[in-house]
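Comments concern the structure below.
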Amino acid sequence: MLDQRLVRNQPDTVAALLRRRGMEVDLSGLQTIASRQRDLEEHRSGLQAEGNRTGRAVAALIRTGARPDSDAVTALREQGNAIKRQVAQLEQEEHQLDAALRQQLLAYPNLPAPECPEGASEADNVEIRRWGEPRRDEAFKQHWELAETLGLFETERSVRIARSRFITLVGDGARLERALISFMLDLHCGRGYREVLPPVLVNSASLTGSGQLPKFAEESFRCSDDDLWLSPTAEVPLTSLHRGELIASEALPLRYAAYSPCFRREAGSYGRDTRGLIRLHQFNKVELYWFCHPDSSGQAHQQITADAEAVLQALELPYRVIELCTADLGFSAARTYDLEVWLAGAGTYREISSCSNCNDFQARRSAIRVKEGKRNRLLHTLNGSGLAVGRTMAAILEHYQQPDGSVAIPTVLQPYMGCEQLRSCC
RNA sequence: GGAGAGGUGGCUGAGUGGUUGAAAGCGGCUCCCUGCUAAGGAGUUACAGGUGGCAACACCUGUCGAGGGUUCGAAUCCCUCCCUCUCCGCCA
């Protein structure tokens, strides 16, 4: 959520920053509401002060022996009633303004960081670095072809169970998925992250706190009887893990690694990535999440990205790091690095992780602050996939495929798999 | 799901209509004292919004689970909701 003080005092600055994201907005209406709300609050609290004085005057009179039904007391009571009526009227208007203000503020995305490269579309994203050597061979198969030979998942039968864009992993496929999850969690926990296994159903307040609501309701599956939603990413429960809290600065940074299944409607992606593990309504992900001091989130962003890269490096999968330009930033992010893994079969780099600094955007929505001496400040939050598990499996299958149709298991995964390669079993 | 109990500051826990934003204790912080340690003494210690000030800070309003209501005045009375605990039932 944007800082309403910033909107009130410097609407032009805010509008200019939103313009960098490609949004043409007129904030004058919002500013008017914010200013009126403040004026109203000032007026109302002054009246309430007067009412409080009236109440104290009654108490003083009664204490000094005046009868409760005496003229002096009656007069004060009427005065109190008159004030109360005025306050009630002002409060009603103020509540309406509060609600309108919050509703509008919640709909605006985060402001891009100054370092975020300007751009008009994803074509303007900037490649930062590459790691590893992509394997290129026209004969390479795509991961779903390999998976079919190896018997790793069921496609048609998954439609029977749920519907399209759901997958059922079986045999070595199921085992490989589980191995990847364990491996990623072990790696991150060894590097200082605390493991979390969060609820998969989350309430509306949690989705609002991390930025999915109110704008992106159509992207999530909803259990409408209960004000619960299937979480689209562990970022949602992790943000709300500390929602409403005031945290001692010595406790920061808090770093969490959470495995969770993720559920997304993928509205508007009909026909894209219809085969394989790339785009599903349900997928597994290990998510990294930081609550950090507002002065150190820039550094933290480099670190969380490096932590996600560590997974790809350990698996020896070639990838590149892309910095998203202002036009391609997610709603809550001020700055984002995407990791794109090389898919040898598809012959292309595909997003496998997104590491974002959300600065105080989610912290303001979720009221998460740090206590620093006498002062309280909103802290900063960062999130990064470490990694999307299904896409990691796809990359492994394509990168480690052998001419004989088998797939080698990366060395670090072998203890988790109990084998060195996947072969057609049946 | 049924029956009961309860939600007060960082924590424990008083408080049933009038300077109670809240006793007391613990914890934290500052200072003093004592070779060190232990112990002791004094003070201080909630959050949000707003106004003024360069600032330290001062002042106003709100907040005792949330939202309504009664009253000149509510932590305290009434209503609704949420949550926690205990017992029973059900269940992996």
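To find a chain, count down the sequence lines: A is the first, B the second, and so on, and within it residues start at 1. Predicted model only: the values in this text are computed from it and were never measured.
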### Query
Near A:Glu118 CD, under 6.0 Å, is it more than 12 heavy atoms from other residues, nucleotides or ligands?
yes
- Query: Around atom CD of A:Gln89, are there more than 12 heavy atoms of other residues, nucleotides or ligands at under 6.0 Å?
  - Reply: no
Applying side chain to side chain donor-acceptor pair (under 3.5 Å) to A:Thr32 and not counting sequence neighbours gives none
Between A:Gln362 and A:Thr381, does any side-chain donor sit less than 3.5 Å from a side-chain acceptor? yes
Is any NZ, NE, NH1 or NH2 atom of the basic residue among A:Glu154 and A:Arg160 found under 4.0 Å from an Asp or Glu carboxylate oxygen of the other? no
Just the atom pairs and distances: protein N or O near nucleotides 73-76 of chain B's N or O, under 3.5 Å.
residue, atom, partner, partner atom, Å
B:G73, OP2, A:Lys84, NZ, 3.3

Sorted by chain and number, sequence neighbours left out, salt bridge (charged side-chain N to carboxylate O under 4.0 Å, His left out) with A:Arg255 holds for none
By ring-ring contact (aromatic ring centres under 6.0 Å, His included), A:Phe331 pairs with (sequence neighbours left out) A:Phe216, A:Phe361
Can you find a side-chain donor-acceptor pair between A:Thr305 and A:Gln303 that sits under 3.5 Å? no
Using a heavy-atom cut-off of 4.0 Å across all strands, would you classify A:Leu47 as base, sugar-phosphate, or nothing? nothing
Exercise. Ignoring backbone atoms, test whether A:Arg85 places a side-chain nitrogen or oxygen under 4.0 Å from the OP1 or OP2 oxygen of B:U71.
Key: no
Note to self: Counting the atoms with a prime plus P, OP1 and OP2 as sugar-phosphate, which does A:Gln48 contact under 4.0 Å by heavy atoms, base, sugar-phosphate, or nothing?
What the structure shows: sugar-phosphate
Result for 5'-nearest mapping on RNA chain B, choosing between A:Leu76 and A:Arg63, is A:Arg63
Residue pairs passing the salt bridge (charged side-chain N to carboxylate O under 4.0 Å, His left out) test with at least one member in residues 209-221 of chain A, sequence neighbours excluded, are none
Contact list (N/O, under 3.5 angstrom) for nucleotides 65-69 of chain B vs protein:
none

Note, RNA chain B 5' to 3' with Watson-Crick or G-U pairs under 3.5 Å encoded as ( ), [ ], | and . gives ((((((((.[[[..)..(.....]]]((((((.......))))))(((((((....))))))).[[[[[..)....]]]]])))))))....
### Task
Assign A:Arg38 to base, sugar-phosphate, or nothing according to its heavy-atom contacts below 4.0 angstrom with the strands shown.
sugar-phosphate
When A:Arg53 and A:Arg77 are each assigned the nearest nucleotide of RNA chain B, the 5'-most assignment goes to A:Arg53
With sequence neighbours left out, the residues meeting salt bridge (charged side-chain N to carboxylate O under 4.0 Å, His left out) with A:Glu115 are none
Sorted by chain and number, sequence neighbours left out, side chain to side chain contact (heavy atoms under 4.5 Å, CB included) with A:Ser296 holds for A:Cys292, A:His293
The complete set of salt bridge (charged side-chain N to carboxylate O under 4.0 Å, His left out) pairs with one or both residues in residues 265-288 of chain A, sequence neighbours excluded, reads A:Glu266-A:Arg279, A:Asp273-A:Arg279, A:Asp273-A:Arg350, A:Lys285-A:Glu287
Expected list for residues 203-211 of chain A near RNA chain B, using heavy atoms below 4.0 Å, is none
Dump every N/O contact between nucleotides 45-48 of chain B and the protein below 3.5 Å, one line per pair.
residue, atom, partner, partner atom, Å
B:C47, OP1, A:Lys371, NZ, 2.3
B:C47, OP1, A:Asn376, ND2, 3.2
B:C47, O3', A:Arg369, NH1, 2.6
B:A48, OP1, A:Arg369, NH1, 2.6

- Query: For A:Cys358, does its backbone N or O pair with a side-chain atom of A:Asn110 as donor and acceptor, under 3.5 Å?
  - Reply: yes
Quiz item: Can we say A:Asp186 and A:Arg191 salt-bridge, meaning some charged N sits less than 4.0 Å from an Asp/Glu carboxylate O?
Solution: no
Q) Under 6.0 Å from the CD atom of A:Glu148, do we count more than 12 heavy atoms belonging to anything else shown? A) no
